[in-house]
Every structure is written in structure tokens, then in C-alpha cells.
Protein chains: 2
Amino acid sequence: MPKNTIFNPVTRLYATWQPYNSTKMEQLLETIKLYISLSPQEIQSLYEAVQQKSFGKNELIFTEGKVADEIYFVTKGCARLFYEVNGNDKTAFFYTEGQFICAGESYTYNIPAIENYQAVEPTELLIFTKSAIEILLQKVPKLEVIARIATENELITCQKVIASFVTKSAEERYLDLLNTQGQLFQRVPQHYIASFLGISPETLSRIKTRVLQKE
Amino acid sequence: MPKNTIFNPVTRLYATWQPYNSTKMEQLLETIKLYISLSPQEIQSLYEAVQQKSFGKNELIFTEGKVADEIYFVTKGCARLFYEVNGNDKTAFFYTEGQFICAGESYTYNIPAIENYQAVEPTELLIFTKSAIEILLQKVPKLEVIARIATENELITCQKVIASFVTKSAEERYLDLLNTQGQLFQRVPQHYIASFLGISPETLSRIKTRVLQKE
DNA sequence: AACACTTCTTGACCATCGTCAAGAAAAATA
DNA sequence: TATTTTTCTTGACGATGGTCAAGAAGTGTT
């Protein structure tokens, strides 16, 4: 049995049980507590719905072509969303601690995904399978609220990204990212950030020196 | 009393009542029926929650600085989302028949919106005020599903737009738009489309001639 | 410490894009 | 229909960005 086998409720008897790590779970609970409160029993149901998995640096979390049937929650590390486009890959988004990851269209409409997700540092995820979520939501319907809020927040974030592409120059987007997500520059290779900004690595390098000279 | 006054439940006694147009409502019902079925009583509740308003060409539907407390549904015409950025405006999205419009962050978190919405052709909207939605969802909880689906679909659309900015050139984005939303070029001024593609009107004009020559 | 590998920077050169300005075409208005 | 206004196109030119290539800096591995 390979290490880090994903726990699958359907094949429960055969899979390696990955005990949840209470520290990791607490991080999810913190996020949930921002919006609703849960009884000990409800928390127990949550525990039963989730598994945990660790990914090494550069390890792939999910690859295109598959139908997504899991939602991930980042408890540690950083992952990126990238698209494989004729040979080279393009980073479209970063996910850090406290964020949910889901290949939305694939998960919702059961079609093959075009997204890839990869750990860019050692990363730990909580994993909810679709079937586990169905069971969980029957037991604890008010968690629907969390799903709605997570979706709304991601939508708001995406709309801001689009607004930045439409209204701002590459240099402005770089400065914005520096102000709002500065830690990313310490955590992920610059060429990933470049493609997230919609430019080449060389251009990002030149923008950086240009900005430094202005100071 | 100006024509087309927005019906406001709070000032019901003073506002002009805009009777709903059953043809327009049917369009909304068609959209809803794709996902759930409603009893005659539930449809009646929906009718009571909604008002209708017409906008002339170029009329502003919603402007930045206000806190959004309404969701719109386009039954006829076309609207654009634009941002006002030091003097000139930048179009970030188009909404046509069957789509919901909502300044998400403002509506969700009660903060002033930075978005503007404008009719680019004579446009007719169904309007749901926040308070009317609250009442409606208490009466017909299963409409929550529609809210969730509409949010999910908009998220998926936004993710595709971001993917196109990150992975494609301006010319490729133009060709994509032509294939998927070609009618837009017959309906809205080209400089709106240009800024939606993240380029200047002149560049779009040149891309068009370049593409024509390739054929 | 030595080596390999990845990442980052820099230069050269060319392609693309933005801006300004002028005029043509199309649409709205009188 | 005539006139005004808006939209679209085209040219010129400068700014920005992409690509290729070389080398430097930094990481990780043995």
C-alpha cells in the first residue's frame, strides 16, 4: 500500500486509514467558526468526512483529464493551479493556508477537468470526497452555508483578478500583488508569479528592477 | 414621479408600482425550471418578490459608491459591467438575456461597490431586492438551489476568463469571443469589447483586419 | 566541497500594443 | 434628408513585452 493513499469511503475496507491530525482539523474549524457554530456531535461528523494527505514539493495534487470528485482545504503549504498549454504550463492561481481548492466545472458537471493542481512547497491538505460531502451535508445541513460562502468568496476574488487584468498594467498588478500577497514572492518561484500576472519571467524580472530604481 | 421608478418595498406607498410582465417572468421561470420545479403557489411567491424595470440605451443601472441591495435578471437587452479608472471606463463583463447581475462583494458584505452597470441596448430587468429575497427564501427555501447554481456558474465563467488572460494572446481571446459570443459584436460598441479583451480599441480594429487577411 | 539543476537576471532584437491624431463610416438626432 | 455625434479605421511613433541566449546566483544532492 503506497504511502498517503487517499482514503475513499467506498473502498474503506481496503484503503489505508489516514488518521486526521487534530491540529490540521482545528484550522478548518477556525475557518468554519467564522460563520457558524458547531456542536461536538457536528464536529464529529465533520471529522468522519475528512481525510488528510501530505504532498511533497512539486508533487501533483490533481491533473487534467480526470473528473474532479474531491474538494481540498489547505492546512499548510502552498499549491498552484496551472494549465498545460502546448508544452508549457501557465499558472493561474495560488492557494495557501485556509483556502479551498476545487476544479469547479469538473466537480459540478462531471466533465473532465482542464486544470492541474500542484504543491509548490511541502503542502498538507484536508480532503473531502464528493460522497463524503453528501453524507456530511445530510447530517449537518447548515454546512451548506460554508459551501455557499466559500463559493461566493472565490467568485469575488476571481472578479477582482479580472478587474485587475482589464484596468491595470502589468507593473500595477505586480505592485498590487506585492502589497496584498507579498509572502508569495518568498514562497513560490518567480516564473509562476509571472504567468499569474500574465507576463513572461523576463518581463517580471525587468519590472522588479524598474520599480526598485524608481524608489 | 419619473418613469421607471424602482419599486422599493420600504417606500411602497410612495413609489410607482411597476406591474410585472408575465412574458418576462416566464423567461425567469424557464431558467429556474432547468434545475427545480415549482408549484403554482411557489410561482406566486416568486411573482410577489420581483419587480420589473426598463432601461434605455446607455442608461445606468447601478453605480459605484452605493451598497448593492438588489439582484437583477436580464430578460431583454444587454448590460455591461464597467469600472471607472481615472477618467476612462473599462468594461469587464457583458450580461445578456437569462443572466443574473449582482455586485457580489458589495451585496454580500455591505460595503460600497466599485462596479458600475449600464444598459448598452434597451434592456429589461427583473429586480429582486435583498429584503424581498429574504422573504422569498423563507417561503420557498428550495430557491436556495438557484442562488447556489447561479453563483457556481458565474464562478466557472470567471475562472475561464482568467484562464484566457493567463494562457492566451489578445488575438486568441478575440477569436474565442467570436466563436462563443459572436452576437456581442452586433450588439455592443467595439471599444467595450476591446477593453473586455484587455486591449485598446485600435488594437482590436487591427486584430480584426489581421484575422481577415489570414483567411 | 563539487556537481547538477533550477531560478533569476541581463542584453539584443523583434513583435505587439498604446497613444495621438486624422479621417471615414455609421448611427442618432433634428 | 441634413446635421451632429459616435464609432471605427488607419498611420506614425514610442513604449512595452516576448523570445532567445548567455551567464550569474541560488538550491539541493551526492
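Numbered from 1 within each chain, the chains take letters A, B, ... in sequence-line order.
- Remark: the backbone N or O of Ala68(A) is paired with a side-chain donor or acceptor of Ser106(A) at under 3.5 angstrom.
- The CZ-P distance, from Phe165(A) to dC17(C), rounds to 15 Å in whole Å.
- A side chain to side chain donor-acceptor pair (under 3.5 Å) with Gln159(B) is found for one member of Glu154(A), Glu115(A), Glu105(A) and no other, namely Glu154(A).
- The phosphate of dT9(C) has OP1 or OP2 within less than 4.0 Å of a side-chain N or O from Gln190(A).
- In this structure, the NZ atom of Lys208(B) is 14 Å from the P atom of dT7(D), given to the nearest Å.
- Annotation: cation-pi geometry not satisfied between Lys90(A) and Phe82(A) (NZ/CZ under 6.0 angstrom from ring centroid, within 45° of ring axis).
- Summarising the geometry, the separation between CG on Asn58(A) and P on dC5(C) is reported as 15 Å, rounded to the nearest angstrom.
- Taking the ring axis of Phe94(B) as reference, the NZ or CZ atom of Arg80(B) does not stay both within 45° of it and closer than 6.0 Å to the ring centre.
- Atom CD of Glu121(B) and atom C1' of dA27(C) are 14 Å apart (whole Å).
- For the pair Lys208(A) and Tyr174(A), the cation-pi test (distance below 6.0 Å, angle within 45°) is failed.
- Ile193(A) places its CD1 atom 8 Å from the P atom of dC8(C), with the value rounded to the nearest Å.
- Atom NZ of Lys66(B) is surrounded by more than 12 heavy atoms from other residues, nucleotides or ligands within 6.0 Å.
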Expected string for nucleotides 11-30 of chain D under the B/S/- scheme (protein heavy atoms, under 4.0 Å, primed atoms plus P, OP1, OP2 as sugar-phosphate) is BB----SSBB----------
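- Atom C1' of nucleotide dA15(C) and atom CD of Glu172(B) are separated by 15 Å, given to the nearest angstrom.
- In this structure, the CZ atom of Phe185(B) is 11 Å from the P atom of dC8(D), given to the nearest Å.
- Following rounding to the nearest Å, His191(A) (NE2) and dT9(C) (C1') show an atom-to-atom distance of 15 Å.
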